[in-house]
Amino acid sequence: MAVKYTIPRGTFDILPDKSYTWNYIKKIFIQTVTEFGYKEIVTPIFEQADLFERNVGDTSDIVQKEMYKFKDNKQRTFALRPEGTAPVVRSYVENNMQANGGLQRLYYIGPMFRYDRPQKGRYRQFYQYGVEAIGSNHPYVDAEVIAIQYTFLKRLGLKGIVLELNSLGNKASTDRYNKALVDYYEPQKHELCGDCITRLEKNPRRLLDCKVPACNAISEKAPLMIDYLDEECREHFEAVQSYLKAMDIEYSINPRIVRGLDYYTYTAFEFLNNELGAQNAIGGGGRYNGLVEQVGGKDSPGVGFAAGLERLILSLEQEGLFMGDEYKPDVYAVILGDQSLLKGAEIMQKLRAKGVIVEFDPLKLSMKAQMKNANKVNAKYALIIGENEIETNQFILKNLTDSTQVSLTESDLINNFID
RNA sequence: GUGGCUGUAGCUCAGCUGGCAGAGUACUUGAUUGUGGCUCAAGAUGUCGCGGGUUCAAGUCCCGUCAGCCACCCCA
């Protein structure tokens, strides 16, 4: 077989034998966020590239190196969305959701795109689910957003995922801290690895979790963000923690958390599964108090998280957890001969109108092949429709679990079908 | 973007220092005329990822390329 067209690198098809798992996970997620009062928002998968770049206010790799950018027929520059928050904020501003007053609680699920080398748990088109709560700076909301992800993971039965928490502080704190980091590393610059020397110029915070032993040793004594928070930031961070405790959510503080996008302020958090290999972040998020204004709205605080479906599924597989059931047919129609199929089609349609799942395969001709198939697709019953049955109006319904069978008239069959 | 490993039947994989393309499983049919699962028997199945090179001869060696995996980087 010559395969003429192949799937683009780093993407994947979700085939029928997996799609029920996706639907199951989505169902539990929607159930969870609904309990917290969140409503779905759907935005396009492409946006003006500048929404993400914000005139290159964002220096992250996600935006600088990994965006799928393209020009349309009128030479306007768009980008496939690499993340979900900026589009939601754009929609919030554009639709003037601020005018509704109060807190907007939103959730989304959909594909994101990043041009990166594929590996386990990393794809070019991948699926994220997430929530955004825009309009309140109250630390309870930070905790609520964390609680949603926490509740969802627990509900799926996951045990091996840990929550790490940090505070990045406000702009003033961050500036002071970055300066302190540079002051600390600069004199020892000659001992750092090549990557770390660029980090020192570009994003000093990333120095903290370099894995090269020499850098790591230096980082151990580096100043920590927590010590550079001002009074307000510290109070906010402590309040978030007390709400988490009140909701019985386990966490640990990791002062080295750095998020992948530049807009985060105050609370930052990550959910990690350390059994997954290099790509161990299931999801993360934090507060983005300056973003709404950057996108052109009236200054308005927000907090949210996003997480990856693929890594979630890897975690479920790894812990051997339930991932949903495939639909199984209630009835497999065993139809003998084309003449009988006329009646068969009529009966199948009437059963379906009653909500019964009915399957039939016109490729299987012999009765034996049809019975075999009924077994293979895990049907609960086989319904035999042949010339004899049609003539006598007595249709055979065979229970495939206990091998018992009964004869029923057409109307009894349709009106009294009990699963 | 960098480095390493891999690519053979629908699936999982074997195939030695180059010499007829294989197994298990799934599939089809039969044993059983209109009754599935178990068993037994028979049968069908390949651009050996793709392109080039070396050779009398390439799945096997060489080069390139594409894809997957693993790690770096980055992050979901």
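Chain A is the first sequence line, chain B the second, and so forth, proteins listed ahead of strands; every chain is numbered from 1. Below, all heavy atoms of this structure are taken into account, side chains as well, without hydrogens, waters or symmetry copies.
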Partners of [X] by side-chain hydrogen bond (donor to acceptor under 3.5 Å, both in side chains), sequence neighbours excluded?
| X | value |
| --- | --- |
| A:Glu47 | A:Arg90 |
| A:Asp361 | none |
| A:Glu144 | A:Tyr38, A:Arg105, A:Tyr140 |

Is there a residue in [range] whose heavy atoms reach under 4.0 Å of RNA chain B, and which residues are they?
| range | answer |
| --- | --- |
| residues 365-372 of chain A | A:Met367, A:Lys368, A:Met371, A:Lys372 |
| residues 306-323 of chain A | A:Arg311 |
| residues 145-156 of chain A | none |

Hey, does [X] reach any base, or is it just sugar-phosphate, or nothing, if we go heavy atoms under 4.0 Å?
| X | value |
| --- | --- |
| A:Gly130 | nothing |
| A:Ala374 | nothing |
| A:Ile282 | sugar-phosphate |
| A:Lys120 | sugar-phosphate |
| A:Tyr123 | base |
| A:Gly337 | nothing |
| A:Asn373 | nothing |
| A:Gln125 | nothing |
| A:Arg114 | base |

Roughly how far apart, to the nearest Å, are [N] and [M] at atom [atom1]?
| N | M | atom1 | answer |
| --- | --- | --- | --- |
| B:G64 | B:C70 | C1' | 23 Å |
| B:U32 | B:C40 | C1' | 12 Å |
| B:G52 | B:C16 | C1' | 27 Å |
| B:U8 | B:G49 | P | 6 Å |
| B:G10 | B:G3 | C1' | 34 Å |
| B:G43 | B:U6 | P | 36 Å |
| B:C20 | B:U39 | P | 35 Å |
| B:U17 | B:U12 | P | 26 Å |

Worksheet entry | A:Ile148 backbone acceptor or donor facing A:Thr32 side chain under 3.5 Å | no

So, do [X] and [Y] sit near enough that their side-chain heavy atoms are less than 4.5 Å apart?
| X | Y | answer |
| --- | --- | --- |
| A:Leu383 | A:Leu413 | yes |
| A:Leu229 | A:Tyr177 | no |
| A:Arg205 | A:Leu181 | yes |
| A:Arg124 | A:Pro118 | yes |
| A:Phe52 | A:Pro87 | yes |
| A:Ile218 | A:Leu207 | no |

Spacing of [X] atom [atom1] relative to [N] atom [atom2], expressed in whole Å:
| X | N | atom1 | atom2 | result |
| --- | --- | --- | --- | --- |
| A:Gln128 | B:C75 | CD | C1' | 9 Å |
| A:Leu363 | B:U28 | CG | P | 10 Å |
| A:Leu336 | B:U33 | CG | P | 14 Å |
| A:Phe12 | B:C69 | CZ | C1' | 16 Å |

Discussion item. Can you tell me how the ring of A:Tyr263 sits relative to the ring of A:Tyr288, calling it parallel under 30°, perpendicular over 60° and tilted otherwise?
Written reply: perpendicular

Of the nucleotides [options], which has the atom closest to the [X] side chain?
| X | options | answer |
| --- | --- | --- |
| A:Lys398 | B:A76, B:U35, B:C73 | B:U35 |
| A:Arg9 | B:A76, B:C27, B:A67 | B:A67 |
| A:Lys376 | B:U35, B:C74, B:C27 | B:C27 |
| A:Phe126 | B:G34, B:A76, B:C75 | B:A76 |

Discussion item. On the nucleotide B:C74, are OP1 or OP2 found under 4.0 Å from the side-chain N or O atoms that A:Arg199 carries?
Written reply: yes

Practice prompt. Please determine if a side-chain N or O atom of A:Arg206 lies less than 4.0 Å away from the OP1 or OP2 oxygen of B:C75.
Written response: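 A:Arg206 to B:C75 OP1/OP2: side-chain N or O found under 4.0 Å.
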
Worksheet item: Does A:Lys154 count as lying over the ring of A:Tyr150, i.e. NZ or CZ under 6.0 Å from the six-ring centre, within 45 degrees of the axis?
Response: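 Yes.
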
Discussion item. Applying ring-ring contact (aromatic ring centres under 6.0 Å, His included) as the test, list every pair that has at least one member in residues 8-33 of chain A; sequence neighbours left out.
Written reply: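 Counting only pairs at least two positions apart or across chains, the ring-ring contact (aromatic ring centres under 6.0 Å, His included) contacts touching residues 8-33 of chain A are A:Phe12-A:Tyr123, A:Trp22-A:Tyr127, A:Tyr24-A:Phe322, A:Phe29-A:Tyr107, A:Phe29-A:Tyr129, A:Phe29-A:Phe152.
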
Side-chain donor-acceptor pairs under 3.5 Å in residues 252-260 of chain A, sequence neighbours left out?
| from | atom 1 | to | atom 2 | distance (Å) |
| --- | --- | --- | --- | --- |
| A:Asn254 | OD1 | A:Arg256 | N | 2.8 |
| A:Asn254 | ND2 | A:Glu164 | OE1 | 2.7 |
| A:Arg256 | NH1 | A:Leu208 | O | 3.4 |
| A:Arg256 | NH2 | A:Ser219 | O | 3.4 |

Worksheet item: Closest approach of A:Pro16 and A:Glu326, non-hydrogen atoms and distance?
Response: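 Reported closest heavy-atom pair: O-OE2, 4.4 Å.
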
Quick one: side chains of residues 271-281 of chain A, donor-acceptor pairs under 3.5 Å with protein atoms, not counting sequence neighbours, listed by atom name and distance.
| from | atom 1 | to | atom 2 | distance (Å) |
| --- | --- | --- | --- | --- |
| A:Asn273 | OD1 | A:Glu275 | N | 3.0 |
| A:Asn273 | ND2 | A:Ser315 | OG | 3.0 |
| A:Asn273 | ND2 | A:Gln318 | OE1 | 3.2 |
| A:Asn274 | OD1 | A:Asn280 | ND2 | 3.1 |
| A:Gln279 | OE1 | A:Arg311 | NH2 | 3.3 |

Worksheet item: B:G49 base to A:Thr6 side chain: any donor-acceptor pair below 3.5 Å?
Response: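 For A:Thr6, whose side chain was compared with the base of B:G49, there is no donor-acceptor pair (under 3.5 Å).
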
Discussion item. Give me each pair satisfying salt bridge (charged side-chain N to carboxylate O under 4.0 Å, His left out) with a member in residues 340-349 of chain A, each pair once, sequence neighbours excluded.
Written reply: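 As it turns out, the salt bridge (charged side-chain N to carboxylate O under 4.0 Å, His left out) pairs with a partner in residues 340-349 of chain A, which skip direct neighbours, are A:Lys343-A:Glu346, A:Lys343-A:Glu410, A:Glu346-A:Lys350.
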
Dump every N/O contact between nucleotides 1-4 of chain B and the protein below 3.5 Å, one line per pair.
| from | atom 1 | to | atom 2 | distance (Å) |
| --- | --- | --- | --- | --- |
| B:U2 | O4 | A:Arg117 | NH1 | 2.8 |
| B:G3 | O6 | A:Arg117 | NH2 | 3.0 |

Discussion item. For A:Glu387, is the CD atom crowded, meaning more than 12 foreign heavy atoms sit under 6.0 Å from it?
Written reply: no

Worksheet item: Between A:Lys179 and A:Asp175, is there a side-chain N and carboxylate O pair less than 4.0 Å apart?
Response: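 Salt bridge: no.
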
Practice prompt. Could you run through RNA chain B and flag its stems, i.e. three or more consecutive Watson-Crick or G-U pairs with both distances under 3.5 Å?
Written response: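 Ordered by first number, the stems with RNA chain B (at least 3 consecutive pairs each) read B:1-7 with B:66-72, B:10-13 with B:22-25, B:27-31 with B:39-43, B:49-53 with B:61-65.
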
